[in-house]
Peer 1: 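Input: one structure, supplied below.
Each chain gets a letter, A, B and so on, in the order its sequence line appears, and its residues count up from 1. Keep in mind that this is a model prediction, so the values were computed, not measured.
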Amino acid sequence: MNKPIVRFAPSPTGYLHIGGARTALFNWLYAKKNNGTFLLRIEDTDTERSEQKYVDQISDALQWLGLSWDDEIVYQSSNIERHQSVVVSMIENGTAYRCFITKEELDNLREKSEQNKEAFRVPKTYRDYTESQQQELVDQGKPFTVRLKIPDGITEFDDLVYGNIKVNNNDLDDFIIARSDGTPTYNFVVTIDDSDMNITHVIRGDDHLANTPKQILVYKALGLNVPTFAHLPMILGADKKRLSKRHTATNVQEYRDKGYTSEAILNYLSLLGWNPDSEQEIFNLDDLIDGFNLEQVQKKPATFDEKKLLWVSGQHMAKISIDIVILELEKLNPSWGQGQSDKYKSDVLSLTKDRSKTLTDLMEISDTFFVDHIIYDMDIKNKIWNEISSQIIDDLLNAINIEENFDKQTLESIFENLMNQHDLSLGKLMQPVRFALSGLTYGPGIFDTMLLLGKDICVKRLSEGVKELS
RNA sequence: GGCCCGUUCGUCUAGUGGUUAGGACUCAUGGUUUUCAUCCAUGCAACAGGGGUUCGAUUCCCCUACGGGCUGCCA
């Protein structure tokens with residue numbers, strides 16, 4: 001097979017959301033898998049709604065995800081002259097025509113059809129006007145749009161996901177390819193651009209499935225090669241509605257901020273609408289490229305489930321190396337672990353990493369190893385602190401001070417004595433110790449925590465803690 | 001209204017003309033763990049409905065229902 005060229009073509013009217021990221025991912029995977037090319041085209045022809053900040057956001061998000069594109073970004077708006085010249089040539093060769101029906105007339109007709117519960121069809125009034133008849137109306141200063149002259153017949157194509165799709169051309173209107181202000185419309189420019197960019201495979205959301213026959217008709221009118229299409233099912237929110245800005249947390253960068261790694265997000269996204277044909281669910285990028293194919297893409301929409309994302313993320317956290325995790329944490333929060341030695345940071349992480357599901361989890365749980373002073377949550381204190389807690393801490397402090405050594409064996413024997421003395425299980429005994437020491441009720445093993453903190457800090461925290469908490 | 005697409009546990013999915021319809025997440029219970037998280041075990045839970053075709057349909061066909069998309073001088 002020839003090397004495929006695919007593209008991701010977002011419009012910069014909003015942030016890159018999860019659905020867009022999935023589309024980008026599948027394009028990217030298809031390109032990588034087949035040694036192809038992955039291009040980025042910004043569809044910015046809606047000047048009302050397009051904004052540069054969204055272009056920046058989208059490219060940042062793609063880069064962060066690791067879905068880097070080949071070549072320069074193509075801006076659709078910069079091709080407008082090319083688009084317009086094609087429109088002119090189509091009027092000349094009769095594959096398109098000027099239509100002088102106004103928007104208001106159309107709106108009225110549309111409304112009438114709706115009231116009568118009839119199918120609305122755009123009247124083909126001007127379809128067969130000759131060039132000179134059209135010119136005459138133009139000369140009169142009448143505004144016009146340009147419509148594609150759709151021939152009779154059947155339009156069909158084989159979608160890589162949906163299979164054979166067949167539409168009767170009679171069910172299609174002669175749709176507008178250029179507005180009355182001369183600007184070309186989406187279904188038209190997308191074909192020109194895809195053709196100009198030599199796109200071989202159009203992989204996009206299935207909201208475009210019904211547009212595809214129209215686009216094919218444009219390719220045919222222009223005598224261009226029709227690319228292969230693959231439509232991806234939509235991603236739905238928990239309410240089963242198509243994911244949109246109305247849903248909470250659809251922005252890729254929100255997930256970055258929540259502490260998910262790009263690899264975890266990509267892994268989860270790949271599972272939405274694709275199955276690897278095995279029971280494996282945790283993939284790194286290379287696995288994904290290796291296993292990916294369009295044949296195993298689902299036809300039905302998938303619901304985004306953050307619980308499963310969280311699980312996937314936890315699996316990735318278990319695998320990720322400490323060195324990488326340090327880099328990721330510092331990227332997420334530059335002040336994380338500031339002023340600490342690499343050795344200490346990596347010791348902290350080796351205790352905490354495996355009990356975290358996200359980078360933010362990890363930051364939270366590791367924070368106690370970096371702060372100067374513990375701030376105690378009094379709600380938690382009220383739940384776990386009791387009359388003997390202070391006594392336990394005092395006894396522990398005494399024992400630590402008496403012992404010369406501060407190592408695991410020593411700590412074990414200290415706690416052993418305390419257990420006997422207070423007639424408590426280790427679990428009960430260490431609860432107030434952990435809290436006084438870290439302000440938390442969970443975390444790494446208490447001996448490991450104390451040893452990493454060191455004798456001086458333990459003594460300081462315990463004595464300060466017992467004062468504040470008593 | 002018309003056209004196109006879809007429908008297996010709550011969610012992501014596997015699967016076959018004859019299966020105890022499988023796995024994963026979630027949830028519940030138990031176990032491991034000094035806490036928490038992990039991990040392990042067990043359990044709950046699905047073929048949208050109705051007709052066909054067939055000895056037999058979750059699987060093939062049709063209809064209905066439901067959901068989504070398109071039907072824009074948005075992309």
Side-chain angles (χ1 to χ4, degrees), chain A residues 9-13 43-46 48-50 76 99 101-103 106-107 110 113-122 143-147 159 161-163 165-168 170-173 175-187 189-190 205-214 231 233-234 236 238 240-242 268 271-282 298-305 307-312 314 317-318 352 354-357 361 365 384 412 415 419 425-431 433-435 440-447 449:
Chain A
S11 58
T13 54
E43 311 222 317
D44 55 351
T45 49
D46 183 346
E48 299 275 296
R49 295 193 302 145
S50 296
Q76 191 157 59
C99 173
I101 304 174
T102 64
K103 186 169 188 344
L106 241 25
D107 288 345
R110 211 172 265 127
S113 301
E114 194 149 331
Q115 280 170 2
N116 299 336
K117 302 215 171 208
E118 285 165 354
F120 171 72
R121 286 276 80 96
V122 174
F144 61 89
T145 59
V146 181
R147 290 181 183 274
D159 190 278
V161 173
Y162 284 92
I165 307 282
K166 198 184 288 190
V167 183
N168 191 323
N170 292 332
D171 292 323
L172 268 21
D173 281 323
F175 63 91
I176 292 175
I177 60 173
R179 305 179 182 95
S180 47
D181 67 0
T183 57
T185 60
Y186 170 74
N187 281 120
V189 294
V190 75
D206 81 6
D207 46 339
H208 292 290
L209 194 60
N211 285 326
T212 305
K214 299 182 206 170
H231 287 90
M234 299 278 92
L236 274 24
K240 295 287 172 193
K241 293 270 194 281
R242 177 180 168 181
Y268 175 66
L271 262 18
L272 245 33
W274 171 72
N275 90 79
D277 205 21
S278 77
E279 280 175 6
Q280 185 181 350
E281 295 199 283
I282 301 305
Q298 217 65 221
K299 294 188 183 73
K300 69 161 184 170
T303 306
F304 186 84
D305 178 12
K307 288 220 173 98
K308 183 121 185 191
L309 202 211
L310 190 60
W311 175 78
V312 170
M317 287 298 280
T352 52
D354 290 347
R355 25 177 50 87
S356 306
K357 289 188 172 177
D361 269 4
I365 199 175
I384 63 143
E412 274 170 357
F415 275 81
M419 281 162 69
S425 67
L426 185 51
K428 287 278 178 219
L429 185 71
M430 50 152 274
Q431 201 174 37
V433 177
R434 175 188 297 287
F435 186 64
L440 300 173
T441 57
Y442 57 88
I446 194 72
F447 301 141
T449 299

Peer 1: Starting at CD of A:Q76, measure out to OG of A:S11 and round the result to the nearest 0.5 Å.
Peer 2: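 Between A:Q76 CD and A:S11 OG, I get 9.5 Å after rounding to 0.5 Å.
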
Peer 1: So, does A:D173 use its side chain to make a donor-acceptor pair with the main chain of A:F175 at under 3.5 Å?
Peer 2: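 No: the side chain of A:D173 does not pair with the backbone of A:F175.
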
Peer 1: Would you please confirm or rule out a distance under 4.0 Å between OP1 or OP2 of B:G2 and any side-chain N or O of A:K117?
Peer 2: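 Checking A:K117 against B:G2: no side-chain N or O falls below 4.0 Å of OP1 or OP2.
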
Peer 1: Checking base pairs now: Watson-Crick or wobble, both atom distances under 3.5 Å. What partners B:C70?
Peer 2: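 Check on B:C70: paired to B:G2, both distances under 3.5 Å.
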
Peer 1: Remember a base hit wins even if backbone is also touched, and classify A:L272 as base, sugar-phosphate or nothing at under 4.0 Å, heavy atoms.
Peer 2: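 Here A:L272 touches the backbone only, sparing every base.
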
Peer 1: Between A:T185 and A:A178, is there a donor-acceptor pair closer than 3.5 Å when you use the side chain of the first and the backbone of the second?
Peer 2: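 Side chain of A:T185 to backbone of A:A178, a donor-acceptor pair under 3.5 Å: no, none is there.
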
Peer 1: Does B:C12 have OP1 or OP2 sitting under 4.0 Å from an N or O in the side chain of A:T303?
Peer 2: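 So the side chain of A:T303 is within the cut-off, an N or O lying under 4.0 Å from OP1 or OP2 of B:C12.
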
Peer 1: Say we look at B:A41 and B:U59: how far apart would their P atoms be, to the nearest angstrom?
Peer 2: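 The answer is 34 Å between these two P atoms.
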
Peer 1: Could you tell me the Watson-Crick or G-U partner of B:A28, where both distances fall under 3.5 Å? Say none if there is no partner.
Peer 2: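 Partner of B:A28: B:U42.
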
Peer 1: Could you tell me the Watson-Crick or G-U partner of B:U33, where both distances fall under 3.5 Å? Say none if there is no partner.
Peer 2: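 Checking every strand shown, B:U33 finds no partner, since no pair has both distances under 3.5 Å.
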
Peer 1: Strictly by Watson-Crick or wobble contacts shorter than 3.5 Å, is anything paired with B:U19, and which nucleotide is it?
Peer 2: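 Pairing partner: none.
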
Peer 1: Which is true for A:T45 with a 4.0 Å heavy-atom rule: it touches a base, it touches only sugar-phosphate, or it touches nothing?
Peer 2: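 It contacts sugar-phosphate atoms only.
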
Peer 1: Is A:D305 salt-bridged to A:K308, going by a charged N under 4.0 Å from an acidic O?
Peer 2: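 No, this pair does not count.
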
Peer 1: Donor-acceptor pair under 3.5 Å: do we get one between A:R355's side chain and the base of B:U35?
Peer 2: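 Check passes, donor-acceptor contact within cut-off.
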
Peer 1: Between A:R121 and B:G1, is there a side-chain N or O to OP1/OP2 distance below 4.0 Å?
Peer 2: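 No, because none of the side-chain N or O atoms of A:R121 sits under 4.0 Å from OP1 or OP2 of B:G1.
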
Peer 1: Provide the Watson-Crick or G-U wobble partner of B:A65, both distances under 3.5 Å; none if there is no partner.
Peer 2: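 For B:A65, the partner nucleotide comes out as B:U7, under the 3.5 Å rule.
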
Peer 1: If you check every side-chain atom of A:Q76, which of B:G1, B:A75, B:C3 has the closest atom?
Peer 2: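 Within the option list, the nearest is B:A75.
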
Peer 1: Expressed in whole Å, how much space separates the P atoms belonging to B:A24 and B:U32?
Peer 2: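 It works out to 23 Å between them.
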
Peer 1: What's the gap between B:G17 and B:G67 when it is taken at their P atoms, as a whole Å value?
Peer 2: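 One P to the other, the span is 32 Å.
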
Peer 1: Hey, does A:R110 reach any base, or is it just sugar-phosphate, or nothing, if we go heavy atoms under 4.0 Å?
Peer 2: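 Result for A:R110 = sugar-phosphate.
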
Peer 1: Taking any heavy-atom pair under 4.0 Å as a contact, classify A:G443: base, sugar-phosphate, or nothing.
Peer 2: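 Touches a base.
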
Peer 1: Can you find an N or O donor on one side and an acceptor on the other, under 3.5 Å apart, linking the side chain of A:T185 with the base of B:C73?
Peer 2: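 No pair found.
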
Peer 1: Is A:E43 touching bases, backbone alone, or none of the nucleic acid, heavy atoms closer than 4.0 Å?
Peer 2: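 Counting heavy atoms under 4.0 Å across all strands, the contact made by A:E43 is with sugar-phosphate only.
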
Peer 1: With a non-hydrogen cut-off below 4.0 angstrom, is A:G273 in contact with a base, only sugar-phosphate, or nothing?
Peer 2: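 Here A:G273 touches the backbone only, sparing every base.
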
Peer 1: So what does A:P233 touch, heavy atoms closer than 4.0 Å: a base, only the sugar-phosphate, or nothing?
Peer 2: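 It contacts nothing in the nucleic acid.
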
Peer 1: Sticking with atom P, work out how far B:U58 lies from B:G50, rounded to a whole angstrom.
Peer 2: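 10 Å, rounded to whole Å.
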
Peer 1: At 4.0 Å (heavy atoms only), tell me whether A:Y162 reaches a base, stays on the sugar-phosphate, or touches nothing.
Peer 2: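 Answer is sugar-phosphate: A:Y162 comes under 4.0 Å of backbone atoms only.
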
Peer 1: Pick the nucleotide of RNA chain B nearest each of A:M430 and A:E281; which residue has the one closer to the 5' end?
Peer 2: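 Closer to the 5' end of RNA chain B: A:E281.
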
Peer 1: Would you indicate, yes or no, if B:A14 has its OP1 or OP2 atom less than 4.0 angstrom from a side-chain nitrogen or oxygen of A:Q298?
Peer 2: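 For B:A14, OP1/OP2 do have a side-chain N/O of A:Q298 under 4.0 Å.
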
Peer 1: Assign each of A:K357 and A:E118 to its nearest nucleotide of RNA chain B by heavy atoms, then name whichever residue's nucleotide is nearer the 5' end.
Peer 2: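 Its nucleotide being nearer the 5' end, the pick is A:E118.
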
Peer 1: Identify whether any heavy atom of A:E279 sits under 4.0 Å from a base atom; if not, whether one sits that close to sugar-phosphate; answer base, sugar-phosphate or nothing.
Peer 2: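 Sugar-phosphate contact only - A:E279 comes under 4.0 Å of backbone atoms but never of a base.
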
Peer 1: What's A:I176 touching, base or sugar-phosphate or nothing? Going by heavy atoms closer than 4.0 Å.
Peer 2: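 Here A:I176 touches the bases of the nucleic acid.
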
Peer 1: For A:N211, answer base if it contacts any base atom (sugar-phosphate contacts may also be present), sugar-phosphate if it contacts only those atoms, and nothing otherwise; contact means non-hydrogen atoms under 4.0 Å.
Peer 2: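 Base contact.
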
Peer 1: Any base atoms under 4.0 Å from A:S11, or only sugar-phosphate, or nothing? Heavy atoms, all strands.
Peer 2: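 The residue A:S11 makes sugar-phosphate contact but no base contact.
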
Peer 1: What's A:I101 touching, base or sugar-phosphate or nothing? Going by heavy atoms closer than 4.0 Å.
Peer 2: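 The answer is base, as A:I101 lies within the cut-off (heavy atoms under 4.0 Å) of a base atom.
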
Peer 1: Just how far is it from atom NE2 of A:H231 to atom OH of A:Y162, taken to the nearest 0.5 Å?
Peer 2: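 If we round to the nearest 0.5 Å, A:H231:NE2 and A:Y162:OH are 9.0 Å apart.
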
Peer 1: Base, sugar-phosphate or nothing for A:H208? Non-hydrogen atoms, less than 4.0 Å.
Peer 2: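 It contacts base atoms.
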
Peer 1: Check for a donor-acceptor pair, side chain of A:R434 on one end and backbone N or O of A:G445 on the other, with a separation under 3.5 Å.
Peer 2: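 Not confirmed, A:R434 side chain does not pair with A:G445 backbone.
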
Peer 1: State which of B:U34, B:C4, B:A14 makes the closest approach to the side chain of A:I165.
Peer 2: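 Closest nucleotide to the A:I165 side chain: B:C4.
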
